[in-house]
Amino acid sequence: MNFLVTGGAGFIGSAVCRHLCANPAYRVTNLDKLTYAGNLASLRPIENAHNYRFEQADIRDERAVLEILRRDDIDIVMNLAAESHVDRSIDGPGAFIETNIVGTYRILNAALEYWRGLPEARQGRFRFHHVSTDEVFGDLPFDGGMFVEETPYAPSSPYSASKAASDHLVRAWHETYGLPVVLSNCSNNYGPYHFPEKLIPLVILNALDEKPLPVYGAGCNVRDWLFVEDHARALELVATKGRPGESYNVGGNSERTNLDVVEAICDLLDLRRPRAAGGSYRDLIAFVTDRPGHDRRYAIDASKIARDLGWAPRENFDSGLARTVDWYLDNKWWWGPIREQRYAGERLGQGSIENSPTQNSPIEHKTFESSPAGNGAESRKVAT
Ligand code: NAD
Ligand code: DAU
């Protein structure tokens with residue numbers, strides 16, 4: 001079975017590529033534009049695998065996507081490519097509109113053209129799996145309620161609004177043109193290779209640098225945390241066994257306040273890497289101005305995917321967080337260059353909209369043959 005994973009150099013996409021490549025019956029093409037969030041170092045464990053190849057391209061480039069679908073004889077598209085950080089969407093929504101909405105529209109067009117040209121038996125097997133978020137459902141009160149698949153969409157941020165729009169497009173391509181789509185809406189992921197703009201890796205690395213640990217507002221907002229490898233297994237099930245036209249909620253059943261999360265990280269670090277000057281990392285916690293439009297609580301009811309596809313998470317929050325903290329302690333080679341060259345942890349998302357340079361970035365397309373020596377980035381450029 002041949003997969004096209006878009007956004008496969010990102011946090012979740014790279015976990016999906018690593019997971020799928022462990023199955024020798026699968027072939028995986030990773031299509032990624034390599035924005036600030038894309039990192040080929042996250043594919044190091046599979047970069048020389050016989051069933052893996054990387055393609056630098058933009059999902060807005062319909063022609064490039066169509067060529068790749070045909071060349072690699074794709075059976076399943078898993079669309080993870082996106083701008084994903086809420087705070088950046090507050091500062092520069094344009095890039096979110098471009099990739100998450102226009103990009104999804106363009107890749108749907110490419111997929112539809114490709115699918116229409118397949119023989120009937122292959123058409124029946126083809127899937128377009130759109131990977132979405134629980135944030136499309138909006139804000140839950142602190143004292144109850146959970147998101148089910150039928151919960152009406154009520155996004156609060158430019159990010160979640162752009163993801164909601166893309167979900168609607170995907171459903172429309174199913175209803176109108178018959179494209180066999182499946183969708184999944186997942187809660188907050190955490191784990192290895194997580195870009196350190198998001199709460200958990202930011203707090204781990206700021207603590208190791210003896211910098212303040214920023215907690216928005218009073219730290220009482222609640223998220224439902226899922227270990228990224230559990231999400232990757234869920235995504236494989238949805239893509240290969242999900243029913244066309246259906247969506248599946250995915251969550252960890254691990255609701256925590258942000259302050260609970262930050263304190264748990266501090267306590268793990270106190271044991272594993274005690275501060276040189278003594279005292280607890282909790283002393284670095286700093287309450288800062290809240291995020292504009294900050295949703296209070298997310299909580300996922302994942303009973304449909306459990307019942308229909310037999311999925312359950314393997315990690316609980318304590319075991320997953322311990323694995324995550326240990327991974328960051330052991331893998332400075334991965335995050336050191338990011339903190340030095342791409343993002344050092346400064347505050348984002350306080351509401352002054354910029355015209356982000358990524359907003360109108362040109363569409364680029366480079367093809368890389370996998371090279372035994374490198375990770376794809378050093379490989380031969382054969383087309384633009
Ligand atoms: P990420 O920001 O770590 O990775 C996104 C990847 O997409 C990057 O590698 C980037 O280079 C690539 N990309 C961006 N624009 C592109 C374009 N125009 N063409 C091709 N590639 C492009 O994101 P993530 O956290 O791994 O999230 C992946 C997907 O899962 C997103 O669609 C996100 O909305 C969804 N999601 C994330 C979470 C979470 O907790 N992180 C939870 C639920 C759903
Ligand atoms: O729910 C799924 C979503 O989870 C995904 O769709 C998004 O792509 C992903 O980024 C994530 O969104 P959040 O906004 O929930 O994640 P983030 O790590 O940015 O923030 C988690 C919580 O922590 C949120 O309530 C805001 C808070 N926070 C965040 C940062 C970066 C802080 O208190 N301090 C911080 O410095």
Side-chain angles (χ1 to χ4, degrees), residues 5-16 30-40 42 55-61 64-65 78-89 95-96 98-100 102-104 106-107 130-137 147 156-157 159-160 162-163 166-167 184-191 193-203 206 212-226 228 231 235 250-251 256-259 261-262 285-288 290-291 294-298 300 345-349 358 361 363-365:
V5 177
T6 74
F11 167 49
I12 301 171
S14 67
V16 169
N30 170 8
L31 181 162
D32 198 292
K33 180 182 171 186
L34 297 181
T35 66
Y36 80 93
N39 192 347
L40 291 177
S42 307
E55 188 85 31
Q56 186 175 2
D58 190 321
I59 58 166
R60 293 175 303 163
D61 188 342
V65 174
M78 297 174 79
N79 187 35
L80 291 97
E83 292 291 336
S84 71
H85 191 36
V86 174
D87 290 332
R88 288 185 196 264
S89 83
F96 291 72
E98 279 295 327
T99 285
N100 300 1
V102 177
T104 301
R106 296 260 172 76
I107 194 175
H130 186 61
V131 177
S132 192
T133 169
D134 61 356
E135 299 206 12
V136 297
F137 300 121
F147 300 133
S156 307
S157 70
Y159 161 69
S160 53
S162 68
K163 290 296 291 187
S166 68
D167 292 10
S184 52
N185 295 82
C186 187
S187 63
N188 284 63
N189 284 217
Y190 68 102
Y193 305 100
H194 202 182
F195 192 87
E197 63 191 351
K198 308 284 167 58
L199 179 69
I200 287 180
L202 178 74
V203 164
N206 273 13
L213 312 180
V215 173
Y216 296 170
C220 56
N221 300 62
V222 173
R223 297 293 182 263
D224 172 4
W225 295 95
L226 179 69
V228 67
H231 189 195
L235 293 179
V250 188
R256 297 285 186 283
T257 69
N258 292 336
L259 188 57
V261 170
V262 173
I285 292 173
F287 293 93
V288 298
D290 210 347
R291 171 186 278 175
H294 198 176
D295 286 332
R296 284 167 296 177
R297 175 172 163 258
Y298 303 140
I300 280 274
E346 58 278 8
R347 177 76 196 262
L348 300 169
T358 56
S361 64
I363 295 174
E364 286 175 11
H365 174 211

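Each ligand, and each atom within it, is numbered from 1 in the order the structure gives.
For the ligand labelled ligand 2, residue K163 lies outside the 4.0 Å heavy-atom shell. The closest approach between H294 and ligand 2 falls below 4.0 Å for a heavy atom of the residue.
Those atoms of ligand 2 that come under 4.0 Å of a heavy atom in D134, given as number and element, are 1 (O), 2 (C). Each of the following atoms of ligand 2 lies closer than 4.0 Å to a heavy atom of V215: 33 (O). Every atom of ligand 2 is numbered from 1 in the order shown, and the set under 4.0 Å from a heavy atom of Y159 is 5 (C), 6 (O), 7 (C), 8 (O). Counting the atoms of ligand 2 from 1 in the order shown, those under 4.0 Å from a heavy atom of H85 are 19 (O). Every atom of ligand 2 is numbered from 1 in the order shown, and the set under 4.0 Å from a heavy atom of E197 is 31 (C). Near L202, meaning under 4.0 Å from one of its heavy atoms, ligand 2 places the atoms 36 (O). Atoms of ligand 2 lying under 4.0 Å from any heavy atom of T133, numbered from 1 in the order shown and given with element: 1 (O), 2 (C), 3 (C), 5 (C), 6 (O). Taking every heavy atom of V86 and a limit of under 4.0 angstrom, the matching atoms of ligand 2 come to 14 (O).
Considering backbone and side-chain N/O atoms, E135 comes within less than 3.5 Å of an N/O atom of ligand 2.
Here E83 contributes atom CD and T99 contributes atom OG1; the two are 5.5 Å apart, rounded to the nearest 0.5 Å.
Protein residues with a heavy atom closer than 4.0 Å to ligand 1 are G7, A9, G10, F11, I12, D32, K33, L34, T35, A37, G38, A57, D58, I59, L80, A81, A82, S84, T99, V131, S132, T133, Y159, K163, C186, S187, N188, N189, listed by chain and number.
Using a cutoff of 4.0 Å between basic side-chain nitrogens and carboxylate oxygens, E135 and K163 are not scored as salt-bridged.
Protein heavy atom in closest approach to atom 18 (O) of ligand 2: L199 N, 2.8 Å. Looking only at heavy atoms of the protein, atom 8 (O) of ligand 2 is closest to S84 O, 2.8 Å. Closest to atom 34 (N) of ligand 2, if we only count protein heavy atoms, is P214 O, 2.8 Å. What sits closest to atom 33 (O) of ligand 2 on the protein, heavy atoms only, is Y216 N, 2.8 Å.
Annotation: ring-ring contact (aromatic ring centres under 6.0 Å, His included) contacts of Y36 (sequence neighbours excluded): F195. Legend: residues meeting side-chain hydrogen bond (donor to acceptor under 3.5 Å, both in side chains) with H130, ordered by chain and number and at least two apart, are N79, S166, D167. Scored by the salt bridge (Lys or Arg N to Asp or Glu O under 4.0 Å) test, R347 finds no partners at all (sequence neighbours excluded).
Comparing N258, N185, N188 against atom 27 (C) of ligand 2, the shortest heavy-atom distance belongs to N258. Around atom 20 (O) of ligand 2, the closest heavy atom drawn from R291, R223, R347 belongs to R291.
Between V136 and Y159 the shortest side-chain heavy-atom distance does not fall below 4.5 Å. Using a 4.5 Å cut-off on side-chain heavy atoms (C-beta onward), N185 and V250 make no contact.
Looking only at atom types and distance, the side chain of K198 has a donor-acceptor partner in the side chain of S84 under 3.5 Å away.
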